[in-house]
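Here is the naming used below: chain letters follow the sequence lines, and residue numbers restart at 1 for every chain. No experiment lies behind these values; they were computed from the predicted model shown.
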Protein chains: 2
Amino acid sequence: MATLKELAKLLNISVSTVSKALNDSHEISEITKRRVNELAEKVNYKPNRIAQQLKTNKTKTIGVILPKVTNPFFAEVLHGIETTATNSDYDIIVCLSNESFEKEQRSLELLSNGSVDGFIMAVARDTQVKEQSEHIKAAIASKIPVLMFDRVINEIICNKVIVDDFKSVYEATEFLIKKERRKNILLVSNVEELSVGKLRIKGYQKAIEEAKLQSQILKLANVDDVDESVYNYLKDNTGIDAIISIDHITGIIAINMAKKLGRSIPDDLSIIGFGYEHTHLLASPKISIIHQKAFEIGEVAVKLLIEQLNDEEHQQKTLIVPSELKLWESTKN
Amino acid sequence: MATLKELAKLLNISVSTVSKALNDSHEISEITKRRVNELAEKVNYKPNRIAQQLKTNKTKTIGVILPKVTNPFFAEVLHGIETTATNSDYDIIVCLSNESFEKEQRSLELLSNGSVDGFIMAVARDTQVKEQSEHIKAAIASKIPVLMFDRVINEIICNKVIVDDFKSVYEATEFLIKKERRKNILLVSNVEELSVGKLRIKGYQKAIEEAKLQSQILKLANVDDVDESVYNYLKDNTGIDAIISIDHITGIIAINMAKKLGRSIPDDLSIIGFGYEHTHLLASPKISIIHQKAFEIGEVAVKLLIEQLNDEEHQQKTLIVPSELKLWESTKN
DNA sequence: TTGTATGCGTTATCAT
DNA sequence: ATGATAACGCATACAA
């Protein structure tokens with residue numbers, strides 16, 4: 001790779017002149033700028049990013065720590081993060097915690113050595129269960145901003161981007177009750193252990209209570225054969241006329257099991273799940289979803305973090321990205 | 001962040017002594033090492049990664065360029081890459097081309113300024129369709145190793161990690177013919193435009209020809225309503241007794257549409273698709289898949305690239321990660 | 001065993 | 001308008 005020094009030698013001028021010429025300084029004559037730029041073009045000179053980083057003490061890089069990239073929600077958030085970061089001239093270094101506290105902690109520590117200007121993260125399931133937070137506080141204490149999204153830790157003060165978990169499920173449940181006139185609504189979940197899962201369940205319960213209906217919850221986070229559990233539950237509780245799933249898997253499974261039991265969807269049984277992008281493609285009838293705007297979450301997160309990076313006085317905020325109820329055939333009549 | 005200089009001043013010794021002590025040099029006395037390490041621990045000293053990179057001219061970072069991270073195959077490959085890279089003490093910078101040639105090109109250029117030691121990439125659909133390759137050749141020419149996986153460009157000489165596309169589909173088709181005694185096997189696809197899609201189709205065709213059967217291919221890459229197309233095709237061709245899908249979507253759709261048409265799976269109709277990790281969870285009956293070992297692909301890719309980075313004399317190789325036919329209820333009797 | 005000096009590639013300050 | 005020099009934080013060759 002060509003360096004300033006090499007360009008300078010080839011042109012018989014000093015390094016600093018070359019540097020200034022390339023940065024279009026007014027101190028440099030047009031003729032010199034032309035000569036320098038032509039040569040730079042010819043040898044395909046690119047300023048060494050590492051050297052610039054050392055000099056400016058800014059990496060223009062964001063550390064992104066995700067629990068699991070095979071979860072389509074996080075994949076889509078990553079898409080939003082990458083797009084927005086690139087547009088803002090930032091790189092992203094990606095680490096996956098695999099829902100493990102130890103891995104999350106290690107990643108955070110490793111990147112806290114000047115590799116990144118700030119972090120965007122959703123905490124691991126393990127971290128939430130163990131109620132750990134020191135590792136994140138440590139990063140913040142060493143002046144590296146951390147932004148948490150989706151799964152957040154309340155006691156930590158930092159920028160946050162969250163989904164309206166409570167409200168969206170409350171409204172979806174209300175929709176089933178008031179518009180669809182359903183009376184036996186089952187909630188199925190494999191995320192009941194997460195902060196977001198707890199909020200979603202609360203939203204469901206509030207709507208159910210207000211309508212003086214009976215709350216019914218099927219928890220599947222630690223179940224081996226989810227298909228079987230759902231199948232059996234539906235078989236034993238034939239009165240169920242609606243299902244709300246609070247994750248991106250169990251709603252589709254519910255559709256499949258209900259069909260297997262000969263239930264007619266949506267006439268006999270309305271189903272609403274959570275989803276992103278192409279989730280509905282994989283279900284038949286197409287599943288209605290509470291659509292989390294995952295891409296937008298990533299987008300908003302990057303913008304907010306960069307805002308903080310550019311402003312010492314920045315005030316910590318919590319932004320809410322509203323979800324959208326998308327009705328498909330599984331509820332539409 | 002604490003620096004060597006600060007530690008040195010606090011201890012009244014020289015910077016180089018501190019540096020050597022932290023690197024456990026034999027030149028330094030145990031007593032000094034202890035003093036240094038204790039202070040470093042106390043002030044939470046971490047060597048500045050950027051400075052190390054500038055010094056050693058190695059970033060210990062791999063640039064990863066993926067066409068789409070919301071595709072579960074690439075998400076799982078990324079998982080394998082991240083895990084292996086972390087274990088080998090490498091970071092990864094992730095860029096998404098979104099199947100666009102321009103974005104891919106830009107990412108490659110931007111990171112070719114010393115930001116990474118090498119690249120791992122799968123080329124964008126757009127790049128394959130337009131048959132572009134200069135941008136990749138440019139990176140290789142400037143001495144940054146590039147490893148291509150899954151979707152590769154034949155004319156470029158570099159390390160490659162590929163799947164046995166031809167063989168796996170050939171064998172799956174053969175399985176349907178010989179073991180399942182199927183005679184009207186339909187191939188459905190939404191990847192017929194890609195290098196991998198073409199190979200998979202060839203594998204199907206070879207098996208079909210050898211058995212003197214009739215080749216039937218339903219191409220869906222540019223179709224709007226995939227459900228409808230599949231539904232109509234199956235309705236109009238009631239003789240079909242097996243389906244092989246060469247992507248991770250259309251197989252599940254085929255199951256759903258076949259059920260809708262009252263076909264009994266697998267007795268009446270065997271279905272095999274492509275899949276990764278939890279694909280089968282979303283289908284009922286659980287879909288049989290040609291399981292691409294996506295995690296392993298990522299793992300092998302990182303190891304091979306690092307091998308090259310550590311060895312000037314490295315010979316370019318093409319490694320094949322074999323797929324595995326995983327039978328579930330949709331073919332089992 | 002410890003310390004001094006140099007350089008990685010860049011930018012910025014201060015001469016000339 | 002151009003050039004010399006220092007500095008970012010670290011590692012290392014060479015002195016002492």
Side-chain angles (χ1 to χ4, degrees), chain A residues 1-37 39-40 43-61 89 110-117 142-144, chain B residues 1-37 39-40 43-61 89 110-117 142-144:
Chain A
M1 287 207 341
T3 66
L4 287 184
K5 201 196 273 183
E6 288 166 26
L7 295 189
K9 190 183 287 180
L10 285 170
L11 294 167
N12 261 315
I13 57 180
S14 78
V15 169
S16 52
T17 304
V18 177
S19 173
K20 286 171 187 166
L22 288 170
N23 289 312
D24 201 25
S25 162
H26 57 272
E27 303 177 16
I28 304 296
S29 69
E30 287 306 317
I31 168 85
T32 306
K33 282 184 190 171
R34 258 244 316 288
R35 287 182 63 214
V36 170
N37 282 310
L39 181 62
V43 302
N44 192 24
Y45 169 81
K46 301 204 198 76
N48 182 306
R49 188 101 187 288
I50 305 297
Q52 285 180 322
Q53 290 175 1
L54 183 63
K55 187 71 192 165
T56 62
N57 202 25
K58 290 205 169 11
T59 62
K60 296 276 265 175
T61 302
D89 215 23
L110 281 176
L111 295 183
S112 294
N113 61 356
S115 294
V116 302
D117 293 342
S142 62
K143 303 286 179 208
I144 309 180
Chain B
M1 288 205 340
T3 65
L4 286 184
K5 202 196 273 183
E6 288 165 26
L7 296 188
K9 190 183 287 180
L10 285 171
L11 293 169
N12 261 316
I13 56 180
S14 79
V15 170
S16 61
T17 304
V18 177
S19 171
K20 287 172 187 166
L22 288 170
N23 290 310
D24 200 25
S25 161
H26 55 272
E27 302 177 16
I28 304 296
S29 70
E30 288 305 318
I31 169 87
T32 306
K33 283 183 188 170
R34 258 242 318 288
R35 286 182 65 213
V36 171
N37 282 312
L39 181 62
V43 303
N44 192 25
Y45 168 81
K46 299 205 199 74
N48 182 306
R49 188 100 188 291
I50 305 296
Q52 285 180 322
Q53 289 175 1
L54 183 62
K55 185 70 193 163
T56 61
N57 202 25
K58 291 206 170 4
T59 61
K60 297 277 266 175
T61 302
D89 215 23
L110 280 176
L111 295 184
S112 294
N113 61 357
S115 293
V116 302
D117 292 342
S142 62
K143 303 286 179 205
I144 309 181

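A donor-acceptor pair is defined here as one N or O able to donate and one able to accept, closer than 3.5 Å; such a pair exists between the side chain of Thr56(B) and the backbone of Gln52(B). Under the 3.5 Å distance criterion, the side-chain polar atoms of Lys33(B) are matched with a main-chain donor or acceptor of Ser25(B).
Ile50(B) comes within 4.0 angstrom of nothing in the nucleic acid, heavy atoms only.
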Salt bridge (Lys or Arg N to Asp or Glu O under 4.0 Å) evaluation trace for Lys58(A) with Asp117(A): CA-CA 6 Å; Lys58(A) 290 205 169 11; Asp117(A) 293 342; over 6 Å; no
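Here the CG-OG distance, from Asn23(B) to Ser16(B), works out to 11.5 Å after rounding to the nearest 0.5 Å. To the nearest 0.5 Å, the span separating NZ on Lys46(B) from CG on Leu111(A) amounts to 10.0 Å.
In this model, the phosphate group of dG3(D) is approached by a side-chain N or O of Thr17(A) to a distance below 4.0 Å at OP1 or OP2.
Rounded to whole Å, atom P of dT1(C) lies 14 Å from atom CD1 of Ile13(B). Rounded to whole Å, the distance from CG on Asn12(A) to C1' on dT2(D) is 13 Å. Rounded to whole angstrom, the span from the NZ atom of Lys9(A) across to the C1' atom of dA4(D) amounts to 17 Å. Rounding to whole angstrom units, CD of residue Glu6(A) and C1' of dT10(C) are separated by 14 Å. Put simply, CD1 on Ile28(A) is 13 Å from C1' on dA12(C), counting in whole angstrom units.
Between the axis at the start and the axis at the end of the helix from dT1(C)-dA16(D) to dT16(C)-dA1(D) there is an angle of 50°, using five pairs per end and rounding to 10 degrees.
Residues Asn37(A) and Leu22(A) have side chains in contact (heavy-atom distance under 4.5 Å, counting atoms from C-beta outward).
The pair Glu6(A)-Lys9(A) does not meet the salt-bridge criterion, since no charged nitrogen lies less than 4.0 angstrom from a carboxylate oxygen.
Among all heavy-atom pairs drawn from Thr59(A) and Arg49(A), the shortest one is O-NH2, 3.0 Å.
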Nucleic acid footprint by protein, nucleotides 9-16 of chain D - heavy-atom cut-off 4.0 Å, B for base, S for sugar-phosphate alone: BBBBBB--
